[in-house]
Structure formats: structure tokens, C-alpha cells
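Here's the structure, in C-alpha cells; my notes come after.
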There are 2 protein chains.
Amino acid sequence: MTVTLADVAARAQVSPATVSRVLNGNYPVAASTRERVLRAVDELDYVLNGPASALAAATSDLVGILVNDIADPFFGIMAGAIQSEIGGPGGRAGGERLAVVCNTGGSPERELTYLTLLQRQRAAAVVLTGGAVENTAHATAVATKLRKLGEAGTRVVLCGRPPAPADTDAVALTFDNRGGGRELTEHLIGLGHRRMGYIAGPEERTTTRHRLEGHRDALAAHGIADDPARTVHGRYDRRAGYEATIELLRREPGLTAVVAANDTVALGACAALRDSGLRIPDDVSVVGFDDLPFSIDAVPALTTVRLPLADAGARAGRIAMGREEVPPGGIATIRGELMVRGSTGVPKGA
Amino acid sequence: MTVTLADVAARAQVSPATVSRVLNGNYPVAASTRERVLRAVDELDYVLNGPASALAAATSDLVGILVNDIADPFFGIMAGAIQSEIGGPGGRAGGERLAVVCNTGGSPERELTYLTLLQRQRAAAVVLTGGAVENTAHATAVATKLRKLGEAGTRVVLCGRPPAPADTDAVALTFDNRGGGRELTEHLIGLGHRRMGYIAGPEERTTTRHRLEGHRDALAAHGIADDPARTVHGRYDRRAGYEATIELLRREPGLTAVVAANDTVALGACAALRDSGLRIPDDVSVVGFDDLPFSIDAVPALTTVRLPLADAGARAGRIAMGREEVPPGGIATIRGELMVRGSTGVPKGA
DNA sequence: CTGTTAGCGCATTCAC
DNA sequence: GTGAATGCGCTAACAG
């Protein structure tokens, strides 16, 4: 019923082995033979059986990409860039590789589950994007998984994520979240702001912590007290930004600036400020993080830190495919760039 | 080296078949035996070999999701919703299924390539999202592929895409783009607009055509001439919206409204209008399509048609898993909902 | 409920 | 350069 490699071999009057060689192109085959085989493939409309191929070769053409939220352009952009680099020649049978995008939803359990699933599929490579959950047990479990994946020949790359233990052999492209956070707050301080609210991401996340630390570093460097009441945690979405802003305003109506964990949260903050009758940046300045595409279209345009998501993803993809040199020590830090735009200004009365 | 099912069987002192049955849970196994097997699995840290399993069972746990652009939330939202529904019990070995998200970039060739790749992997199901390319040769090629996939036991669902030929057995959840387009333009006409520019998506796309037809339907219904100079085609991105708006304004400075192919394009249009010194909606009204999350945060908030992307994706996912009844005739039309917001108003001088 | 027996379709040794 | 033989690890009948 379903046409197999043997059928092709019969039709081309060669052995199955030869067909396999032609298809994988990793072996010398006479041009005329190849012609004949290719024609048979075409005539029979033959499609290679991936699982069988993977079983025999003990490796597959699947590349796993773990993301926290595929609906968030932050991850979508990276995932797209990774995928664009994993194709091309080099893989089995035609060189096409398939990206398996796994949505963890930020759940540690699902992250582990997906890693196991990818291990099960004998994935050629796995790229983990976004911040990690800060929990010793989970970190250990992930490290163990990564080690096993590595031992099984799966290349592991962390993109926008802090390095894993060295013995995991995972390459890390890390965003300088701390530095970016510091720059943003320093920008605000430079404008004269002193009473700034901070909307942090979910707790127990490296990204959340690093950005917040950068903010606090800047405060400390300028002798500004870090009032705990000025920090609120929430998810990385618009709604959290909205609610957190209302809460911050309730606690301290005299706030002159709001520092958001990322651009999406910042958008929610802007909405809350507008709904509270406050003007941006005249009454309150707002900053985001990431510089997602929509940030420039906010009104006023959002001051933020641009992260080269597409570049980082592309690089991670190439490293995963062994097409780019691994950075020294297996770790590269990627810095963001401060984008000063209309959402920040001199505080009222300054 | 790598531990196999046979190792587990040996350790648990049962036959390989029994281990397989425990793992797949589709067969009655004595509780005590199951216990023993599970313990052995744990002790040996055994991980099922996906390809071997897929080969033997002639089906895999992979579900393909084709999207035009994974960095676009329009697709990200649908992909996330689909993925959230394909997990859970029912699949092989624990019921976890892996979503293979394929980024076609809108390219017909890549679409076909990915379908072949998924066919090669013996995917359990394939969901195609977004509009189709309107090209007879390509449409035929896709239909042929879908038919083959269906014959091989792969369930095919179209989500936000027009139906495929009936003999493909593909279930279609189609967005009523035409109706939504009509509503938007009728809303503008109702406000008094007569000179409206239209920024269409790429040519040869069903989505583009249907939305445009809806617009023209509304014009015709109100006896408004459809001036070809008032329509510009471009990609579905912000930049295209920006440039198209500049061009429309150049052609006809007296435009009172801009109808954009989708929200992203509308955002670009808004930026162009602002840069041209025009106020929204006082000077020019703007409408989008889709109601992506950021649309409500535009200033003024965007009037648009809300498409239930998450619901549609979830439903497509369930149908793909055979967990939801197929709509009558295999086709369901999903309507959008007009969201009137601040970006539209009475035209100047009215 | 459990063990035995055959392959699933292909990649890869070896020979020639 | 090409063919023949072997096994990758697992599932699915079929017995019992």
C-alpha cells in the first residue's frame, strides 16, 4: 500500500542500499544510477519514512525549541529566527529539519516533560529560550536532562537564558538583563526621577531577578533608597501591568515613573495611567524592556532596551546545527541597547 | 549503552510486550506487574525510543502546525491554542504529543515542503492556519498532499483557512473575512465616510481577497464608486501599512479613512498619519482587522474586527485529536465581531 | 492477564 | 560503485 524504499529499488533496478545512498547523498553513487533512482522516487511518489530512518540511524531531523509563550512575539521572533537557520543541507535525506516548538507556559513540569519528549524523539538539537525558573530542585532536574540529552548526541543551546552547569555542555547566549535594567533606571534618574515604581515579572525567574537587580543597582549607585512598596510582581502580560500600576499608584500617588518588566507590561501600565487621567510622560514616565515591534507604535513611543532577538535566535540556530563556532567558554553575553523615546521625560515640577 | 525496553523487561522480570503495554496503557495489566515495570523504568531511567515506537505502530505523536509567520501574534495565538489541546491522555506512551510548528513565511514551496516532511514523520495530525495562496497549481498540489496525508491516517484541519476540496477530507474552520470586511466599511460609511483608502494584504491570498471583497461589497451596497487608486497592496506588516498610507495620501490627500488589511498594518498606518500631521480620528479614521492584543493599546484604540483566534485554534486542536465532533459538511464558518473604538469617528466637515 | 513471534522501513556494515 | 545481510527498538497479533 504505502510505497517503501524497496519499491523504489525494484523500480530503479538497484538495491535498497543504493536508494538509501542516493537519498542521503552521503555516499558516492554513479550519476546514471542516481538519475534512475530519482526518477523512480518521483514516479512512485515515494516519501521517506522518518521514524524508520531515525531508528536505523539513531538520530532524527527534529530540533526542539522550548518557549514560555508562543503567542508572545518575544518568543515568536526568536523561534522564527532559530527555525530559519536549522534548515538547509546537512541533515538526513534532503537536509530539511523540523522545528518542534514546545510551549511550556512557564511551567517547570512542562519544561521537563518536553525535554523528555524531545529526548524520546532523539532530537538533533534543543534550544531553550527565555529565562529559567529559579528553583534548585528544578534547576538540578533540568541540568540532569540536558546532560543526558548531550550524552545522547543532542546539541543543547540556551538562548536568552543564563548558562547551565558547565558539565551539561550546553552553549549559552545570555541577554544582559541586569545591564539593561540598570541603563533604563539610570536614564530615568538622569532625567531627575526619584520616585519610581517597578513592575517586576513573576517571582523565581532569572529574567525577573536580573532586571530588577539592574534597577536596584542603579538606585543604589545614586543613593536612592529602595522602598519595597514600590515593587510589585506580576506576570509578563498587559493585564498584570495594568493592575500593578493601579496598585503602585494607590500606594504612592506621587510616583513620577513606572519601570515595567517588559514592553507588554509597559503597555498595560500606559493604559492604567491613561485611565487614571495621567499623561505620559508629563505626569508619569514609562519604560519597558525588549523593544518588541509594537513598542515604537505606542503613543508616546516607548523608551525601552532593544534586545536583538532575531540575531540571537539565528545564532542559536546556527550553533545548534554546528554551523557556527561556539563562543569561548560556551557562553556569550548579548547586550541590549537603550532606546530613548517619547514615553520618558523630565518629572513634573523638575 | 542506551537502555532499551528489553532492559526494563529483564529488570522487571516480564516480557518486553508487557512493558510496552504498561507504557502505552492501552491494555489491561495487573496492578502489581505495572508497579514492578514502572519501578524498573524509573530505576533504569528509561526513555522510550520515539522513532522505534512510531515505526512499529505506523503512527507518531507529532502534530504539525503550519503558520505563515510565527513571530506574528495572529499565528502565535492560534498555535498556542492548538498546542494546548493536543496534549493530554490518549496518545502513545503517556499521551504527550509534540507540536511541530512550521514557519512557511507565506511561501507556497515551503508549505509543500513542510507537508512532505510531516508526511515523512507520519504525523498524527496537521493543522494549517491562515489564508491560502491563490494559485491553481499550488492549490492543486496542496490538495493532493492533503489527500495523501489523509490516506496515511493523518487528520487534517484547516484553521482560519478556506475549505480544501471535499475529497481531501480536511475539516475547515473558516473565518468570515468577507463579512468582517463588510462590517468595517459599513461602520465607516455609517459615520459618513466616502473617500476611504484600502491597504490590502499580499496579492493572491484568500484572506486578502476576501477582506477586500467585503470592503467592496459595502461600497457597492451604498453606491460608492470603487476607485482603484484607493487600494494599495502590501505585506501584512507595520512597514507596509506605513508606506501604503503615505502613498494613499499622496494620491488623494482628502482621504477621510484608511481601512487596513489587519491590525499590524493599521498600526503602521496610524504612524504614517501621525507623521503626516494628521489626527486620528479627527482628520482620518483608521480600522484594522483581527483585534490582536495590542490593538486596544493603540492610541486611540483601534476599531477592528475581533477574530476568536484562541477559540478557533483550540477547536481545531480538538478536532485534530478526534475529541470534538466535526462540523456538518466538514466546514464551519467563524464570524468576527466588530469592535468600535476610538480610531474611528465622523469625518471632518461632516 | 502475559509471553512468543514477527516484522515495521531503513542505514549500514561487509563483501564483491 | 553496488548488492546482500543484519539489526536499530518497539508494537501487534497470536497463543496460552
Side-chain angles (χ1 to χ4, degrees), chain A residues 1-38 40-41 44-61 91-95 119-122 124 152-153, chain B residues 1-38 40-41 44-61 91-95 119-122 124 152-153:
Chain A
M1 202 213 81
T2 159
V3 27
T4 74
L5 189 144
D7 300 330
V8 176
R11 181 149 175 99
Q13 306 188 65
V14 295
S15 73
T18 299
V19 177
S20 173
R21 289 174 185 131
V22 170
L23 259 29
N24 288 304
N26 310 326
Y27 241 75
V29 174
S32 63
T33 312
R34 147 173 295 117
E35 275 301 314
R36 209 140 32 88
V37 169
L38 258 22
V41 165
L44 262 36
D45 207 17
Y46 168 69
V47 176
L48 184 68
N49 183 315
S53 170
L55 172 58
T59 172
S60 82
D61 282 333
R92 312 191 59 71
Q119 181 185 3
R120 175 183 296 182
Q121 295 297 336
R122 306 301 187 254
Chain B
M1 201 213 82
T2 159
V3 27
T4 74
L5 186 143
D7 300 330
V8 175
R11 182 150 174 96
Q13 307 188 66
V14 294
S15 74
T18 300
V19 178
S20 172
R21 295 196 262 254
V22 170
L23 260 28
N24 289 305
N26 310 328
Y27 236 78
V29 174
S32 65
T33 311
R34 148 173 294 117
E35 274 302 314
R36 209 140 32 87
V37 170
L38 256 21
V41 165
L44 262 38
D45 207 18
Y46 169 69
V47 175
L48 184 68
N49 183 316
S53 169
L55 172 58
T59 171
S60 81
D61 281 334
R92 312 190 60 69
Q119 182 184 4
R120 175 183 296 182
Q121 296 297 335
R122 306 299 187 255

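Atom set for the values below is all heavy atoms of this structure, side chains included, hydrogens, waters and symmetry mates excluded.
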Exercise. How would you list all residue pairs meeting side chain to side chain donor-acceptor pair (under 3.5 Å) that involve residues 8-19 of chain A, not counting sequence neighbours?
Worked result: A:Arg11-A:Glu43, A:Ser15-A:Thr18

For this session: For the pair A:Ser60 (side chain) and A:Arg122 (backbone), establish whether a donor and an acceptor sit closer than 3.5 Å, ignoring hydrogens and angles.
Result: yes

How many whole angstroms separate atom [atom1] of [X] from atom [atom2] of [N]?
X        : N      : atom1 : atom2 : result
A:Asn26  : C:dC10 : CG    : C1'   : 14 Å
A:Gln121 : D:dG9  : CD    : C1'   : 13 Å
A:Leu48  : C:dG9  : CG    : C1'   : 9 Å
A:Asn24  : C:dT12 : CG    : C1'   : 11 Å
B:Asn49  : D:dT11 : CG    : C1'   : 12 Å
B:Leu23  : D:dA12 : CG    : C1'   : 15 Å
A:Leu55  : C:dG7  : CG    : P     : 17 Å

Would you indicate which nucleotide in [options] comes nearest to any side-chain atom of [X]?
X       : options               : value
A:Thr2  : C:dC10, C:dG9, C:dA11 : C:dG9
B:Ala52 : D:dG9, C:dG9, D:dT11  : D:dG9
A:Ser20 : D:dT11, C:dA11, C:dG9 : C:dA11

For this session: Give the intermediate values and the outcome of side-chain contact (heavy atoms from CB on, under 4.5 Å) for residues B:Val22 and B:Val14.
Result: CA-CA 11 Å; B:Val22 170; B:Val14 294; over 6 Å; no

Problem set entry | For the student: nearest non-hydrogen atoms of A:Leu55 and B:Ala52, plus distance | CD1-CB, 3.6 Å

N/O to N/O distances under 3.5 Å, protein versus nucleotides 1-5 of chain D:
{"from": "D:dT2", "atom 1": "OP1", "to": "A:Thr33", "atom 2": "OG1", "distance (Å)": "2.3"}
{"from": "D:dT2", "atom 1": "OP2", "to": "A:Ala30", "atom 2": "N", "distance (Å)": "2.8"}
{"from": "D:dG3", "atom 1": "OP2", "to": "A:Ser15", "atom 2": "N", "distance (Å)": "2.8"}
{"from": "D:dG3", "atom 1": "OP2", "to": "A:Ser15", "atom 2": "OG", "distance (Å)": "3.2"}
{"from": "D:dG3", "atom 1": "OP2", "to": "A:Thr18", "atom 2": "OG1", "distance (Å)": "2.7"}
{"from": "D:dG3", "atom 1": "N7", "to": "A:Arg21", "atom 2": "NH1", "distance (Å)": "3.3"}
{"from": "D:dG3", "atom 1": "O6", "to": "A:Arg21", "atom 2": "NH2", "distance (Å)": "2.6"}

For this session: Please list all pairs passing the salt bridge (Lys or Arg N to Asp or Glu O under 4.0 Å) test where one or both residues lie in residues 13-25 of chain A, with sequence neighbours left out.
Result: none

Exercise. With sugar-phosphate meaning primed atoms plus P, OP1 and OP2, does A:Leu5 contact a base, only sugar-phosphate, or nothing at under 4.0 Å between heavy atoms?
Worked result: sugar-phosphate

For a quick test of your reading: what N or O donor-acceptor pairs under 3.5 Å do the side chains of residues 28-38 of chain A make, sequence neighbours left out?
{"from": "A:Arg36", "atom 1": "NH1", "to": "A:Ala12", "atom 2": "O", "distance (Å)": "2.6"}

For this session: Indicate yes or no: at least one non-hydrogen side-chain atom of B:Val41 is less than 4.5 angstrom from one of B:Leu23.
Result: yes

